[in-house]
Amino acid sequence: MRQGTETIEIVAADDAAPAIQRLAHTWMSLPGWRGWLATVDHKEIGKRYLVTAFLFLIIGGIEALVLRVQLSLPEQSWLTPETYNALFTMHGVTMIFLYSLPVLSGFSNYLWPLVLGTRDMAFPRLNAFSYWIYLLSGVFLYASFMVGHAPDAGWFSYVPYASQYSPGAGMDVYALGMLLFGISTTAGSINFVVTLLRLKAPGMSIDRVPILVWGTMAASVGNLFAVPAASLAFFMLWMDRNLGTDFFNVAAGGQPLLWQHLFWIFGHPWVYAIVLPAQGIVSDCLPVHCRRPLVGYNAVVLATLLTMFIGFGTWVHHMFATGLPPQSLSFFSASSLIITIPSAVSVFAWLATIASGRPVFTTAFLFFAGFVLLFVIGGVSGFMTASVPADWQLTDTYFVVAHLHYVLLGINFFPVIGAAYHWFPKMTGRLMNERLGKWNFWILFTGFNLAFFPMHIAGLRGMPRRIYTYSAGLGWEMPNLITSIGSFLFGVGFLLFLINVWFSLRRGERAAANPWRAPTLEWLTASPPPAYNFALIPLVASRHPLWEPQLQTQGPRSRLHEGLLLDDGHQTIATSAMNGNPVAILQMPGDSYSPLLLALALTVACLGALLLSFWTVAFGALAALLTIASWLWPHPVATRGNI
Amino acid sequence: MTAVDASPMGFLRSYGPAGDPITALQWGLLIISILVIAVIAALLLFACFRPRAHGPADAIGPEHGGVLWIVIGTAITVPILFASAVWTFATLQRVIAAPVPTYIVDVIAHQWWWEFRYRDADGNPLFVTANEIHIPVGEPISFRLSSADVIHSFWVPQLGGKTDVIPGHTNIAWLQADAAGIYRGQCAEYCGAQHAHMGLYVTAEPRREFDAWIENQKKPASVPVDEKVRQGLALFADKCSACHSVRGTAADGIAGPDLTHLMSRTTIAATLLPLNIGNLGGWVANPQALKPSALMPPSRLTPAQLQALLAFLQFLH
């Protein structure tokens with residue numbers, strides 16, 4: 001980023017017209033495959049994140065359905081235990097890592113610069129890099145299936161099973177793939193944090209940003225602290241398996257519980273990181289369909305931040321049965337109960353928003369309202385498992401499987417599908433079909449509850465999780481059969497969603513700039529937005545710039561039809577972190593191959609580590625260093641036109 | 001415990017002081033949870049469908065207002081959480097206060113079966129058995145949990161909560177059954193290919209029957225001298241003794257279950273199959289067909305050899 005020192009001129013819309021062609025030319029990616037590989041446009045990257053995450057969702061979903069066929073009846077031998085164990089592991093890894101966060105990063109990448117009233121993320125090339133390395137980490141993890149040794153130790157891969165007993169190279173693939181994935185998450189998180197602190201439109205003070213931004217911000221800050229623990233743990237695991245270290249080897253004085261602490265110090269904050277942005281989506285979109293602003297903006301923002309903060313003090317609730325001393329169990333039990341309070345604040349804020357608004361029963365609204373109920377069901381089962389003695393019975397049963405699916409599907413998947421209906425017109429210029437949407441919602445909602453509610457019962461009847469089959473006569477047959485039927489219904493519901501996307505892309509009703517008559521800045525620009533997002537960067541004076549006439553806001557109004565032109569190259573405005581005062585003009589980078597090359601180089605290094613070919617590691621590392629050097633090499637800034 | 005229990009692993013019923021306070025807490029939390037879901041669902045329906053006066057189509061409600069919902073909702077939530085926390089801590093205190101045990105059992109978890117080493121109250125070793133234990137009704141028994149390989153979890157739901165079994169790290173659990181009966185348990189921590197088939201049974205019986213069981217278990221095997229049985233014994237020594245022990249014979253392997261009193265159990269393969277001659281024969285011939293990836297290899301015996309081996313095993317009462 002380069003800072004300019006020009007004085008900034010506020011331009012009216014009519015006067016900007018001649019500059020628009022120039023803006024379009026400047027911000028457009030290279031044509032053809034070169035642009036496809038080199039683009040740094042946050043909207044392209046966001047859409048790629050979304051498509052890739054949905055592909056992984058489909059793969060993970062098919063894995064789940066295969067598992068459900070095996071479990072639909074007792075004593076089935078459709079799958080061998082080894083296949084079942086690899087599939088449940090990859091299902092978890094896929095959904096928790098390759099789908100849950102990336103799908104939210106997709107929305108955030110696409111939306112952040114638009115809702116913040118700017119032209120790109122703070123580090124566009126880093127943004128492209130975080131996508132490429134996410135894609136490559138996913139391909140890397142799935143390549144394990146091709147070589148016949150998928151990871152089989154569950155997504156939390158307890159040692160010493162994962163370090164000494166798991167056959168084949170599956171766990172090595174998992175460990176190295178998670179290192180790559182951690183790099184992606186870290187790069188993405190840094191980008192979100194800096195973007196919020198630097199790239200808001202002028203006048204957009206920190207208390208005027210949408211809650212999606214707060215949610216992603218909390219998740220990103222959380223990830224910056226949490227991911228290092230996972231990267232360290234996975235690196236130690238790889239060293240134990242390949243270099244003869246003994247971090248987890250009991251025979252040599254290693255400690256299996258060290259893995260559990262490191263993993264859950266990461267794993268629990270991660271769980272909040274994959275739901276808080278989705279809650280932010282609901283906090284922003286639900287009010288649009290209720291025709292009023294969110295009730296209790298400040299309370300919900302504080303609840304979001306508190307949840308992430310307390311989320312770092314709850315990891316031991318995954319370890320209540322490990323024999324830790326009762327004093328520490330009590331502490332973590334208390335913190336796990338306390339974290340319910342901010343969730344309650346958010347739930348009542350959403351209820352109040354619906355109750356005191358005038359809900360329009362759009363498909364998006366149904367998904368958000370349905371989410372509130374699923375969130376509460378997932379919340380209370382979490383409340384039960386937070387109680388140490390109760391958890392001694394509940395943990396590692398299907399009750400926990402029910403809980404985590406209510407939480408992850410309820411709080412991530414339902415808002416995501418609602419968000420797809422909500423922002424599809426912005427991304428594509430066409431509305432999704434509402435009639436199909438209603439069917440879509442009701443089938444998904446019914447299928448979901450049919451699939452996952454009986455898991456509570458199976459759990460209370462003592463069915464342990466992660467068993468590839470079970471005996472008749474234990475009271476588990478009926479809940480499992482219903483779950484299997486429900487999961488296929490859920491699959492049908494998702495298929496309907498995909499059909500709706502496919503159909504609407506071609507035949508959907510054309511959308512204007514603001515089809516929902518929503519209040520935030522992404523709806524100010526055209527649908528779909530031009531490459532430069534805003535011809536004029538608006539000047540913001542309230543939390544709901546597009547609703548100011550109806551809300552009859554006191555004081556100065558936002559200036560939406562005049563603003564900063566900034567057409568001398570890839571320019572946007574930097575503002576102060578708290579108040580959004582303009583501080584500098586930024587020169588943003590354009591298309592670059594470096595992000596893709598760096599991601600490839602790091603993947604080659606990991607491949608070398610997998611094959612224990614240290615020459616390959618060295619080659620990958622050297623290529624990475626050269627790419628970084630070229631990335632950081634000062635390029636002359638292309639300027640066009642006059643100042 | 002009733003004779004036929006529709007869900008023998010269900011823990012909303014329990015039969016001993018290590019489990020009962022947890023069961024009460026579990027019910028309490030479950031009822032609170034169901035009430036919360038019902039109230040929120042009702043509020044959600046009310047919020048969606050409450051009667052509203054007609055207004056202009058493009059009206060946007062004011063930003064203030066509605067905060068009372070958050071205040072009242074949170075004000076109701078907090079005391080419920082506080083009370084639940086207090087109940088949690090009180091329950092924790094009650095169930096961790098283990099009474100002085102009458103027997104100590106070392107539990108050594110293996111992929112994918114349970115080894116039990118009985119000790120008297122002073123800690124002196126008595127005997128070794130596998131997968132099925134007997135305990136006297138109304139007496140606390142202490143379990144010292146360790147693992148021979150990976151992490152497992154020791155769990156008999158109707159007698160109490162689970163405790164992880166972690167290599168290099170001895171955990172303590174205690175159980176007491178106040179009603180006679182057979183309680184089912186199962187490994188609860190994923191431990192590899194056959195995690196699904198790592199069950200155990202706890203038979204709680206009146207003291208007299210229990211004492212008789214103990215006395216029998218303490219004895220070495222007594223095998224009659226019969227040509228076929230002797231042939232079976234020799235085969236056992238040749239093919240099985242690397243992993244299995246039978247006290248009173250030369251077989252002293254420790255990798256697999258102690259078989260001294262095999263026929264006093266009701267199941268084989270960690271409760272996978274009822275113990276009868278057919279299942280035993282099938283298991284010995286090829287365990288991989290019944291429990292794929294189990295660590296016991298196929299025996300590759302001729303039918304005559306298998307008959308001889310089974311003849312021997314049937315005397316291990």
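Since the model is a prediction, treat every value here as computed from it, not as a measurement. So that the names make sense, note that chain A is the first sequence line, chain B the second, and so on, each numbered from 1.
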Ring centre gap for A:F156 and A:H318 strictly below 6.0 Å: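 Ring-ring flag for A:F156/A:H318: false, centres at least 6.0 Å apart.
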May I ask you to check whether A:F383 and A:H403 place their ring centres under 6.0 Å from each other? no
Do B:Q111 and B:V150 come within less than 4.5 Å of each other through their side chains, counting heavy atoms only?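 In contact.
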Cation-pi check, A:R291 to A:F365: give yes when NZ or CZ is under 6.0 Å from the six-membered ring centre and within 45° of the ring axis, no otherwise. no
Who among B:T271, B:T23, B:D149, B:I151 has the most heavy-atom pairs with chain A under 4.5 Å? B:D149
For [X], which atoms come within 4.5 Å of any heavy atom of chain B: side chain, backbone, both, or neither?
| X | result |
| --- | --- |
| A:F320 | neither |
| A:F375 | neither |
| A:F248 | neither |
| A:V300 | neither |
| A:V380 | both |
| A:E477 | neither |

Would you mind checking which part of [X] comes under 4.5 Å of any heavy atom in chain A, side chain (CB onward), backbone (N, CA, C, O), both or neither?
| X | value |
| --- | --- |
| B:I96 | side chain |
| B:A188 | both |
| B:W155 | side chain |
| B:H152 | neither |
| B:H64 | backbone |
| B:Q93 | neither |
| B:L44 | both |
| B:F89 | side chain |
| B:Q186 | side chain |
| B:I32 | side chain |
| B:V67 | both |
| B:F49 | side chain |

Candidate list A:S336, A:S333, A:P326, A:S330, test side-chain contact (heavy atoms from CB on, under 4.5 Å), partner A:V388, passing option: A:S333
Between B:W113 and B:H110, how do the two ring planes meet: parallel, tilted or perpendicular, split at 30° and 60°?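 Taking B:H110 first and then B:W113, their aromatic rings lie parallel (interplane angle under 30°).
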Minimum-distance pair of heavy atoms, taken over all atoms of A:W476 and A:G462: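 That closest heavy-atom pairing would be CZ2-O, 3.2 Å.
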Taking only Lys NZ, Arg NE, NH1 and NH2, and the carboxylate oxygens of Asp or Glu, determine whether B:D5 and B:R184 approach each other closer than 4.0 Å. no
